[in-house]
Amino acid sequence: MTKSIQIPQHIAIIMDGNGRWAEKRFLPRIAGHRQGAKNVRMVVQACRRLGVDYLTLFAFSTENWKRPRKEVDALLKLLIGFLADEMPEMLTNGIRFNVIGDLDMFPARVRSALIEGMERTAHLKDMVLTLALSYGGRDEIVRAVRHLVEKVQEGALPLEEIDESVLADFLDTRNMPDPDLLIRTSGEQRISNFLLWQLAYSEIFFTEVTWPEFDEQQFQRALEEYGRRQRRFGLTQAQILAGNDGGGR
Ligand code: IPE
Ligand code: IPE
Ligand code: MG
């Protein structure tokens, strides 16, 4: 893969379409999830090579718990296998493993495997791979607000001090920059409760290609498209071209 001009610091991906990939081939949906999990390795390696600092993958949403029990159980099993398979790769490549979402929702066995994965890689600094698991943007904001109100009630946080950066510090993504680029595979053009706060100014790339079929060439296309976007953050084009930070006048 050639290095494109502008590499996003943080890429987030909604890995969608595993089920449809499988159904089209008359395979059980879980075969699609298995294929999708394999594809994660490709995108992790490509990001590491390109110098992306943060890669955040939506792997299981708060709403996905409502899927048939059999599918949920198979996904949890796949997750444990993924973590075991990828751990050596992460350790060799300096990749810190991170999870966002409500870990309390997981069976203890899964939760401790995830925590162990985070602990074993906590010292690594070359890239952060975050899996969003039992993650919902609304749920994250509710958990953050509860925690914040608790601090206010304890007298540890004056109400007047609450601003955007204080609230952001209570989110699961504290210490992470907002995504520069969001990719969603498989044709759906919606956010589906992913990173609601953090995607405020992200560039969004939608593709018809399903996640198991999303290959390095497709990834390169997303990066090229990102390179052509002009991010304005509410300013005028003239201000951006003049290198103005929008401080007024
Ligand atoms: C994404 O693929 C993976 C998860 C949500 C766990 P889907 O399972 O949503 O696949 P489709 O959208 O049904 O094809
Ligand atoms: C979003 O995909 C969640 C993940 C990719 C993990 P869904 O398949 O759950 O989203 P909807 O239901 O199509 O919006
Ligand atoms: Mg889907």
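Whatever order the structure lists them in is the order used to number ligands and atoms, beginning at 1.
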Below the 2.8 Å mark, what number of protein N, O or S atoms do you get around the Mg ion (ligand 3)? 1
For ligand 1, protein residues within the heavy-atom limit of under 4.0 Å are Met15, Asp16, Gly17, Asn18, Gly19, Arg20, Arg29, His33, Ala59, Asn64, Arg67, Leu75
Report the residues that fulfil salt bridge (charged side-chain N to carboxylate O under 4.0 Å, His left out) with Asp126, sequence neighbours left out, ordered by chain and then residue number. Arg48
Near Arg25 CZ, under 6.0 Å, is it more than 12 heavy atoms from other residues, nucleotides or ligands? yes
If only side-chain N and O atoms count, and only distance matters, is there a donor-acceptor pair under 3.5 Å linking Gln45 with Glu216? no
Can you check side chain to side chain donor-acceptor pair (under 3.5 Å) on Ser186 and Trp211, steps first, answer last? CA-CA 7 Å; Ser186 208; Trp211 174 249; over 6 Å; no
Output the list of atoms in ligand 2 that are nearer than 4.0 Å to some heavy atom of Arg190, sorted by atom number. 11 (P), 13 (O), 14 (O)
Answer yes or no: are there more than 12 heavy-atom neighbours, outside Arg228 itself, under 6.0 Å from its atom CZ? yes
When the side chains of residues 53-60 are checked against the rest of the protein, which donor-acceptor pairs come out under 3.5 Å, sequence neighbours left out?
{"unit_1": "Thr56", "atom_1": "OG1", "unit_2": "His10", "atom_2": "NE2", "d": "2.7"}

Should Ile191 and Ile183 be regarded as members of a common hydrophobic cluster, given that ILVMFWY residues are connected when their side-chain heavy atoms come within less than 4.5 Å of each other, either directly or indirectly? no
Please answer: with hydrophobic residues joined when any side-chain heavy atoms are less than 4.5 Å apart, are Val52 and Val128 in the same cluster? no
Heavy atoms from other residues, nucleotides or ligands near CZ of Phe26 exceed 12 (cutoff 6.0 Å): no
Contact with ligand 2 for Arg184, non-hydrogen, under 4.0 angstrom: yes
Work out which heavy atom in Trp21 is nearest to a heavy atom in Gly32; give both atom names and the distance. CE3-CA, 3.6 Å
